[in-house]
Protein chains: 2
Amino acid sequence: MTDEAAPPSAVPAGRRAKAATIYDVARAAGVNPSTVSRALSKPGRINVKTEERIQAAARDLNYRLNPMARALPTGRTRTLGLLIADITNPMFFNVVRGAEREATRRGYTLVLAESQESGEREAEAAERVLPSVDGLVLVTSRLADDQIQDLAERGPLVVINREVEGVNSVVPELDPGIEQALAHLAELGHTAIAFLSGPANSWMNRARRESVLANAPSCGMAVAEIGPAAPTLDGGRAAIDAVVASGVTAVLAYNDLMAIGLMRAAQERGLTVPGQLSIIGFDDIFGSDFTSPQLTTVRTPLGRIGEDAVRRALDLIDDTPTAPAATEEPLLTELIVRGSTGSVDG
Amino acid sequence: MTDEAAPPSAVPAGRRAKAATIYDVARAAGVNPSTVSRALSKPGRINVKTEERIQAAARDLNYRLNPMARALPTGRTRTLGLLIADITNPMFFNVVRGAEREATRRGYTLVLAESQESGEREAEAAERVLPSVDGLVLVTSRLADDQIQDLAERGPLVVINREVEGVNSVVPELDPGIEQALAHLAELGHTAIAFLSGPANSWMNRARRESVLANAPSCGMAVAEIGPAAPTLDGGRAAIDAVVASGVTAVLAYNDLMAIGLMRAAQERGLTVPGQLSIIGFDDIFGSDFTSPQLTTVRTPLGRIGEDAVRRALDLIDDTPTAPAATEEPLLTELIVRGSTGSVDG
DNA sequence: GTGATGGTGGCAACCGTTTGCCAATTCTGG
DNA sequence: CCAGAATTGGCAAACGGTTGCCACCATCAC
């Protein structure tokens, strides 16, 4: 009873009783199918009494509109494609969650495609889902700018964490969190820090690096640059030599994964964190508080980013003339101080 | 340039140039639309020369089949619904990834719906996606058995991590990993351990607990049961009092999250892990190796579970007469020994 | 030369909605 | 009481494919 191997006997596919159509409802209510269609999708267009009769008939027959049949004449599927580079990257979880939430709120369904970090597969996946979705959200696209622009011409499209000329994008404001992080380190007495770069061709990596470089001087800090390296645990881990060689007392890593990898490597080498090396990550991913010490990090409002991206895409689709900017709260990053930062050891 | 706030000016939705249809292709190739349809989907049915001519025309016009239009007469969407209770639960990542992979491999697309841990929302979501997918995979359903059975009557359905009478399910074999875990603890000298229960109504929790209870005696160990508690960090954290009171030297938690919460609480209370308390988790989720010490855990082959579930669903849909059981390798759990287990302190 | 055979490709119906157009009916106001 | 407007609901044509059925033609064996 506990855990016998899943029995090999598959249960046969249930005969899907074919669903009621508007014709059935029409017959039951004694009206024309077109009237049923209107009763169900254009409230007020027809007489209240007939509408009620139709509603009742539909309920009786347990009628459900066939989305495919509707999509044919209208060209609208009430479906949104979400293209993500790598489901395994924990930063996506929150994005997906926010996206899912906003989509269901507006009656849309999410179609998921993973490109496994490959631009080619991503283009392929985009082609595959494009004809059956009303819009597309690209989460951390590996596509070139012009490919993205082409895609944007073919339908509503929103990119997350990247800016492409002429394409809608949702990007958080990096400066607030980075300023806080730098101020925090300055306060702790650090004067020489390093930015540990992620992938060289990543728009977000460049943005983060530039913000750090731009804001450091005003805190009286010198910034060395280390990397680029893979945005993974191992990428961070491998950077330890360079970090030690650079002689800095604190590191701002491109993302949490690298920060955690670096922390591990430092500890394995006998360095104390934060005693001898302070480390700050980026994103505040799931698990960044599992480490000892817990990771100090610049949180990105991932959930709200996903939500906003979907909202934008849906506004485009519904031709809502761009939600008044006033209602959209800015997407701010914010420093979360935990245990991996401290004052420099005497 | 670095990170100005996302500009409020939305780029207008590109006018989606309407795509070429088989009629366009037919005209270009000088044949009947039905011939185009056959050329494209029934290889060999028509003359090689004409087929080539049609292929060429299709390529020229950049023709793509309209999935919705195809779905109407055939009733098949080449789409699979994935219902998950909570995207945020890290155990889903791997499941989703495996599912996505197998789905694309077979030319299917995944439609995602989250039920936010609510049975009601789950039923709703199922209703919503059901008419537009060819099958359904339930990841950690909050539905009652009979609701699931009803759903199974309406179309191909597979449940993950749960067994329901008469419904296809994919569940890993728990015994191997649990036996290894118990043997491992026995070898380290533990004789009194506890099982920290997750949600009382969870099928998987019951299965794990029963396997532990069933296998412990043969290792000469006494098992106390603690809980039930929420399957979260806090749920694990809150159990520390009960664990201490029970006087056991090792704990097997329902899942990794609880194990990590418990570890944290133990350490905060000055207990050494594994010195005074050994802890084993379940699943080997992302981040379970971020902790200090890294978590020893019984790994569940989450990715393969997702893959298998999709395979099963697709076999059901394609009426493949249940893949010969021989080809399916069993889904075994396996103990991953890391740092959170050790011999009992003198 | 003829009838059977098999390979090709056209015809038209159908899948379940939506929607423009129009006819019939009811409601207005003068 | 009547013309004109507003409601209401039916008709039929899409939307873009699939597929059963049939006709045509070239072979082929006899």
Side-chain angles (χ1 to χ4, degrees), chain A residues 16-58 61-79 107 128 130-134 155, chain B residues 16-58 61-79 107 128 130-134 155:
Chain A
R16 204 193 280 248
K18 53 185 165 311
T21 73
I22 50 171
Y23 290 89
D24 301 324
V25 178
R27 199 172 325 117
V31 296
N32 188 284
S34 61
T35 308
V36 175
S37 173
R38 285 195 269 257
L40 266 26
S41 52
K42 307 257 183 357
R45 169 66 170 76
I46 67 173
N47 189 299
V48 185
K49 297 242 13 158
T50 5
E51 182 167 335
E52 274 170 10
R53 192 147 40 91
I54 292 175
Q55 298 279 14
L61 296 172
N62 191 26
Y63 168 78
R64 328 228 144 250
L65 185 143
N66 179 328
M68 249 76 56
R70 165 184 271 188
L72 201 39
T74 62
R76 305 275 297 281
T77 60
R78 300 195 73 75
T79 261
R128 190 161 48 95
L130 207 55
S132 51
V133 299
D134 292 347
Chain B
R16 204 193 280 246
K18 54 185 165 312
T21 72
I22 51 170
Y23 291 88
D24 301 324
V25 177
R27 200 174 321 119
V31 296
N32 189 283
S34 62
T35 309
V36 176
S37 173
R38 286 195 268 257
L40 267 25
S41 52
K42 306 259 194 329
R45 169 66 171 76
I46 67 172
N47 190 298
V48 185
K49 298 240 17 160
T50 0
E51 182 168 335
E52 274 170 9
R53 193 149 38 92
I54 292 175
Q55 299 279 14
L61 296 173
N62 191 25
Y63 168 79
R64 328 227 143 252
L65 185 145
N66 179 327
M68 250 73 56
R70 189 216 279 259
L72 200 40
T74 61
R76 305 276 296 281
T77 60
R78 300 195 73 76
T79 262
R128 191 160 48 95
L130 206 55
S132 50
V133 299
D134 292 348

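Below, read A as the first sequence line, B as the second, and so on, with proteins coming before strands; counting in each chain starts at 1.
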* Please report, rounded to the nearest Å, how far the P atom of C:dG9 is from the CG atom of B:Asn47. =>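 My rounded result for the distance is 5 Å.
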
- Task: Nearest whole angstrom, please: distance from the C1' of C:dG10 to the CD1 of B:Ile46.
- Result: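 Distance check: B:Ile46 CD1 to C:dG10 C1' gives 12 Å.
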
Please find the pair of heavy atoms, one from [X] and one from [Y], that lie closest to each other, and give the distance.
{"X": "A:Met68", "Y": "A:Asn66", "result": "N-OD1, 2.8 Å"}
{"X": "B:Val25", "Y": "B:Ala58", "result": "CG1-N, 4.0 Å"}
{"X": "B:Leu61", "Y": "B:Ala20", "result": "O-CB, 3.9 Å"}
{"X": "A:Ser41", "Y": "A:Ser37", "result": "OG-O, 2.7 Å"}

Expected output is a numbered-order residue list: members of residues 32-42 of chain A with a heavy atom under 4.0 Å from any atom of DNA chain C. What is it?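 Those residues whose heavy atoms fall under 4.0 Å from DNA chain C, taken from residues 32-42 of chain A in numerical order, are A:Ser34, A:Ser37, A:Arg38, A:Lys42.
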
Sorted by number, residues from residues 61-78 of chain B placing a heavy atom under 4.0 Å from DNA chain C are B:Leu72, B:Pro73

Sequence-distant partners of [X], side chain to side chain donor-acceptor pair (under 3.5 Å), two or more places apart:
{"X": "B:Asn47", "value": "none"}
{"X": "B:Thr21", "value": "none"}
{"X": "A:Ser132", "value": "none"}
{"X": "B:Arg38", "value": "none"}

Heavy-atom side-chain proximity of [X] to [Y] below 4.5 angstrom:
{"X": "A:Pro33", "Y": "A:Ile22", "value": "yes"}
{"X": "B:Val31", "Y": "B:Arg53", "value": "yes"}
{"X": "B:Leu40", "Y": "B:Glu51", "value": "no"}
{"X": "A:Ile54", "Y": "A:Ile46", "value": "yes"}

Computed from five pairs at either end and rounded to 10 degrees, the angle between the axes of the helix from C:dG1-D:dC30 to C:dG30-D:dC1 is 30°

Applying salt bridge (charged side-chain N to carboxylate O under 4.0 Å, His left out) to A:Arg45 and not counting sequence neighbours gives none

For this session: Could I get the full list of salt bridge (charged side-chain N to carboxylate O under 4.0 Å, His left out) partners for B:Arg76, not counting sequence neighbours?
Result: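 Result, salt bridge (charged side-chain N to carboxylate O under 4.0 Å, His left out) vs B:Arg76: B:Asp134, B:Asp318.
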
Per the under-4.0 Å heavy-atom filter, residues of residues 51-58 of chain A near DNA chain D come out as none

Here the gap from B:Arg70 atom CZ to B:Leu65 atom CG, rounded to the nearest 0.5 Å, amounts to 4.5 Å

The first and last nucleotides of DNA chain D lying within contact of chain A, meaning any atom under 4.0 Å from one of its heavy atoms, run from D:dT8 to D:dG16

Check: protein-nucleotides 4-6 of chain C nitrogen or oxygen pairs below 3.5 Å:
none

